[in-house]
Amino acid sequence: MSVSFREEDVDLMRLPEDSRDIESQAFVDAVFALYQEPYEGMEGSFSCSYTEGLFEISWTPLGDPGTELMQVRELLEDGRHEEAIPLLEQLLEREPDNLEALHVLTMVLSGYRLLN
């Protein structure tokens, strides 16, 4: 899930009083905190960015194929193939049509090294 919005679209009443000046870093920090709060304690990946008046908020829950494949790639880059293989197999049990996971598993089992 991801969403983007302009700074002028932020409901200032939802922010602490000392964070309502859109020209301040406190404003940006308060918006990030506001959007991150619902995901606290949940497993997954949350990211925020702010550039030229535009906020980009993204959440990927753990168990999402993109997150799992990122974890697999990190394991493979570290040479930890034996840990990556079961993760790929579990992902494919849930999603047998996941072509990327199938390709990566085939390559790993065939002895190929993946490049960044």
Side-chain angles (χ1 to χ4, degrees):
M1 176 210 97
S2 63
V3 64
S4 58
F5 52 91
R6 307 272 327 143
E7 62 189 8
E8 57 267 11
D9 296 329
V10 174
D11 180 0
L12 298 177
M13 299 309 292
R14 295 182 67 200
L15 303 178
E17 237 179 275
D18 62 347
S19 303
R20 295 180 182 168
D21 176 7
I22 66 172
E23 300 292 322
S24 70
Q25 183 62 43
F27 168 75
V28 174
D29 294 342
V31 172
F32 285 174
L34 177 67
Y35 279 86
Q36 185 173 10
E37 186 177 336
Y39 302 102
E40 286 180 9
M42 296 175 68
E43 294 187 20
S45 172
F46 180 84
S47 66
C48 304
S49 67
Y50 174 76
T51 307
E52 297 179 12
L54 182 67
F55 285 95
E56 300 272 345
I57 310 291
S58 177
W59 167 254
T60 306
L62 190 64
D64 180 286
T67 302
E68 288 178 308
L69 286 171
M70 287 179 5
Q71 182 181 7
V72 165
R73 287 202 175 272
E74 289 173 10
L75 290 170
L76 294 174
E77 289 170 5
D78 291 342
R80 299 162 54 191
H81 296 102
E82 296 307 315
E83 293 175 57
I85 291 170
L87 293 177
L88 287 164
E89 290 171 338
Q90 290 168 13
L91 176 57
L92 286 167
E93 281 179 26
R94 287 190 318 275
E95 297 182 33
D97 295 330
N98 188 319
L99 296 178
E100 184 177 0
L102 181 60
H103 172 73
V104 172
L105 181 60
T106 302
M107 298 299 282
V108 170
L109 292 175
S110 299
Y112 289 94
R113 286 215 170 282
L114 297 176
L115 302 175
N116 292 338

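Values below: every heavy atom of this structure, side chains too, minus hydrogens, waters and symmetry copies.
Atoms CE and CG, from Met107 and Leu88 in turn, are 12.5 Å apart once rounded to the nearest 0.5 Å. Expressed to the nearest 0.5 Å, how far CG of Leu75 lies from NE2 of His81 amounts to 9.5 Å. One finds the CG atom of Leu69 at 5.5 Å from the CG atom of Leu91 (value rounded to the nearest 0.5 Å). Rounding to the nearest 0.5 Å gives a distance of 12.5 Å between CD of Glu89 and CZ of Arg94. Between the SG atom of Cys48 and the CZ atom of Phe55 there is a distance of 9.0 Å, given to the nearest 0.5 Å.
Residue Leu54 is not grouped with residue Val31 when hydrophobic side chains (ILVMFWY) are merged at heavy-atom distances under 4.5 angstrom, including chains of intermediate members. Transitive grouping of hydrophobic side chains (ILVMFWY, heavy atoms separated by less than 4.5 Å) brings Val3 and Phe32 into a common cluster.
Counting heavy atoms from C-beta on, the side chains of Ile22 and Phe27 come closer than 4.5 Å. Residues Val72 and Val108 have side chains not in contact (no heavy-atom distance under 4.5 Å, counting atoms from C-beta outward).
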Tell me which donor-acceptor pairs under 3.5 Å the side chains of residues 8-15 have, and how far apart each pair is, sequence neighbours excluded?
residue, atom, partner, partner atom, Å
Asp9, OD2, Arg6, N, 3.4
Asp11, OD1, Met13, N, 3.1

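Take Glu7 and apply the side chain to side chain donor-acceptor pair (under 3.5 Å) test, not counting sequence neighbours, and it matches Tyr50. With sequence neighbours left out, Glu56 forms a side chain to side chain donor-acceptor pair (under 3.5 Å) with no residue at all. Contacts of Asp78 classified as salt bridge (Lys or Arg N to Asp or Glu O under 4.0 Å), with partners at least two apart in sequence or in another chain: Arg80.
Residue pairs meeting the salt bridge (charged side-chain N to carboxylate O under 4.0 Å, His left out) criterion with at least one partner in residues 96-111, sequence neighbours excluded, are Arg73-Glu100. The stretch residues 23-35 participates, sequence neighbours left out, in these side-chain hydrogen bond (donor to acceptor under 3.5 Å, both in side chains) pairs: Gln25-Asp29.
Shown here for Asn98 and Leu92, the closest heavy-atom pair between the two residues is O-CD2, 3.6 Å.
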